[in-house]
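Small disclaimer: the values here were computed from a predicted structure and weren't measured.
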Amino acid sequence: MTELTTLPLTGLEVPHTRYRITNLQQATMSCGTAFSANVREGRTLLGVIENHGHGGGTWFSPATRTGRQAMAEFTAGCRWKGEPVGEEEAYEHLVDEYDLARTARRCERKRASLLRGLDADAETADVIEVKIPAVWLARGDYPYMSQLARSLAQHQPAPEVWQVWDGEQWKELVLPDVASSRSRTKASA
């Protein structure tokens, strides 16, 4: 088996990085988010990844027969946490990687942070932006960490772990325990 490359924001393992997503268009629909994204190899359009946002699947519409074969081979080589993934899941992770990279660049320009909350299965449950420089959160020296912890505790369902993107990798966000500070406040009142 060939050496796989792990995409940094989603963790999808891919057989190569020659294919890239371009021109992502999104719209909020009644049952989810509709999207359309071009898949290119260099300047060549291989096809389009689409989801209509009505609760149906995500699929690849090839621009050519060779595009169909190329993406089928590519997705067959993709892995998620070391296990093979179906085409649909691979497509969704590729679009998520592109979208998160775009958001991370925007956060960096605005001196904000990209956070993700992970559920008990270490799956992404929530992704948010906060107006706090990522370097403070990654180092853990943000002076209002308790206030941030209280704000993040409001997310439902509550993620097990929060992480901050430091520009290269996800780092666990070390948050103070706001539940115990709330009970101490009530006890002293």
query = Is the shortest heavy-atom distance from the side chain of Leu148 to the side chain of Leu137 under 4.5 Å?
reply = yes
query = From Ile128 CD1 over to Ser151 OG, what is the distance, rounded to the nearest 0.5 angstrom?
reply = 6.5 Å
key: Which residues share a side-chain hydrogen bond (donor to acceptor under 3.5 Å, both in side chains) with Arg102, sequence neighbours left out   = Asp99
key: Those residues that, when tested against Thr33, pass side-chain contact (heavy atoms from CB on, under 4.5 Å) (two or more places apart)   = Gln26
request  = Taking the side chain as every heavy atom from C-beta outward, state whether Leu152 and Leu173 have any pair of such atoms under 4.5 Å apart.
outcome  = yes
request  = Examine distances only and state if a side-chain atom of Glu50 and a backbone atom of Ser36 form a donor-acceptor pair shorter than 3.5 Å.
outcome  = no
query = Who else is in the cluster with Trp170 when I, L, V, M, F, W and Y are joined by side-chain contacts under 4.5 Å?
reply = Leu9, Leu100, Leu114, Val127, Trp165
message = Is it the case that over 12 heavy atoms from other parts of the model lie below 6.0 angstrom from the CD atom of Glu168?
response = no
key: Spacing of Thr103 atom OG1 and Lys110 atom NZ [to the nearest 0.5 Å]   = 9.5 Å
request  = Tell me, please, which residues at least two apart from Asp141 pass side-chain hydrogen bond (donor to acceptor under 3.5 Å, both in side chains).
outcome  = Arg139
inquiry  = Using the ring-ring contact (aromatic ring centres under 6.0 Å, His included) criterion, which residues pair with Tyr142? Sequence neighbours excluded.
reply    = Trp136, Tyr144
Tyr91 OH to Ile21 CD1 distance, which is reported to the nearest 0.5 Å = 10.5 Å
ask   = Which residues pass the side-chain hydrogen bond (donor to acceptor under 3.5 Å, both in side chains) test with Asp126, sequence neighbours left out?
value = His155
query = Partners of Gln25 by side-chain hydrogen bond (donor to acceptor under 3.5 Å, both in side chains), sequence neighbours excluded?
reply = Asn23
ask   = If you take all heavy atoms of Ala37 and Leu24, which pair is closest and at what distance?
value = CB-CD1, 3.8 Å
ask   = Does Val48 sit in a hydrophobic cluster with other residues, and if so which ones, taking ILVMFWY side chains as linked at heavy-atom separations under 4.5 Å, directly or through other members?
value = none
Test applied, salt bridge (charged side-chain N to carboxylate O under 4.0 Å, His left out); reference residue, Lys81; option that passes from Glu89, Glu123, Glu13 = Glu123
request  = Could you tell me which non-hydrogen atom of Pro159 sits nearest to which non-hydrogen atom of Gly117, and how far apart they are?
outcome  = CB-CA, 3.5 Å
query = Could you state the interatomic distance from CZ (Arg20) to CG (Leu94), rounded to the nearest 0.5 Å?
reply = 13.5 Å
note = ring pair (Phe, Tyr, Trp, His ring centres under 6.0 Å) pairs touching residues 65-86, sequence neighbours excluded, are His16-Phe74, Tyr19-Phe74, Trp80-His93
request  = Could you pull out the closest heavy-atom pair between Leu45 and Ala63, with the gap in Å?
outcome  = O-CB, 3.5 Å
key: Flag side-chain contact, heavy atom, 4.5 Å: Cys78 against Pro84   = no
message = Using the rule that Ile, Leu, Val, Met, Phe, Trp and Tyr join whenever any side-chain heavy atoms are under 4.5 Å apart, tell me whether Val174 and Leu115 fall into a single cluster.
response = no
key: Distance (rounded to the nearest 0.5 Å) between Thr22 OG1 and Arg40 CZ   = 4.5 Å
request  = Apply side-chain contact (heavy atoms from CB on, under 4.5 Å) to Arg68 and list each qualifying residue two or more places apart in sequence or on a separate chain.
outcome  = Pro62
inquiry  = Show, in sequence, the C-alpha distance, side-chain angles and deciding distance for Glu97 and Leu12, and conclude whether the side-chain contact (heavy atoms from CB on, under 4.5 Å) test is met.
reply    = CA-CA 8 Å; Glu97 182 75 25; Leu12 179 67; 5.9 Å; no
ask   = Any idea which heavy atoms bring Ala90 and Val85 closest together, and the distance?
value = CB-CG2, 3.9 Å
request  = First locate atom CG of Asn38, then atom OH of Tyr98, and finally report the distance between them rounded to the nearest 0.5 Å.
outcome  = 9.5 Å
message = Enumerate the ring pair (Phe, Tyr, Trp, His ring centres under 6.0 Å) contacts for residues 30-52, please, sequence neighbours excluded, ordered by first and then second residue.
response = His52-Trp59
Minimum heavy-atom distance between Glu88 and Gly57, given as atom pair plus value = OE2-CA, 3.2 Å
ask   = Should we count CD of Glu108 as having more than 12 external heavy atoms under 6.0 Å?
value = no
task = Would you kindly confirm whether Met145 and Trp162 end up in one hydrophobic cluster when ILVMFWY residues are joined by side chain heavy atoms under 4.5 Å apart?
result = yes
inquiry  = Donor-acceptor pair, distance only, cut-off 3.5 Å: does the side chain of Glu87 make one with the backbone of Thr75?
reply    = no
query = With Glu160, which residues qualify under salt bridge (Lys or Arg N to Asp or Glu O under 4.0 Å), at least two apart?
reply = none
inquiry  = Donor-acceptor pair, distance only, cut-off 3.5 Å: does the side chain of Arg116 make one with the backbone of Val164?
reply    = no
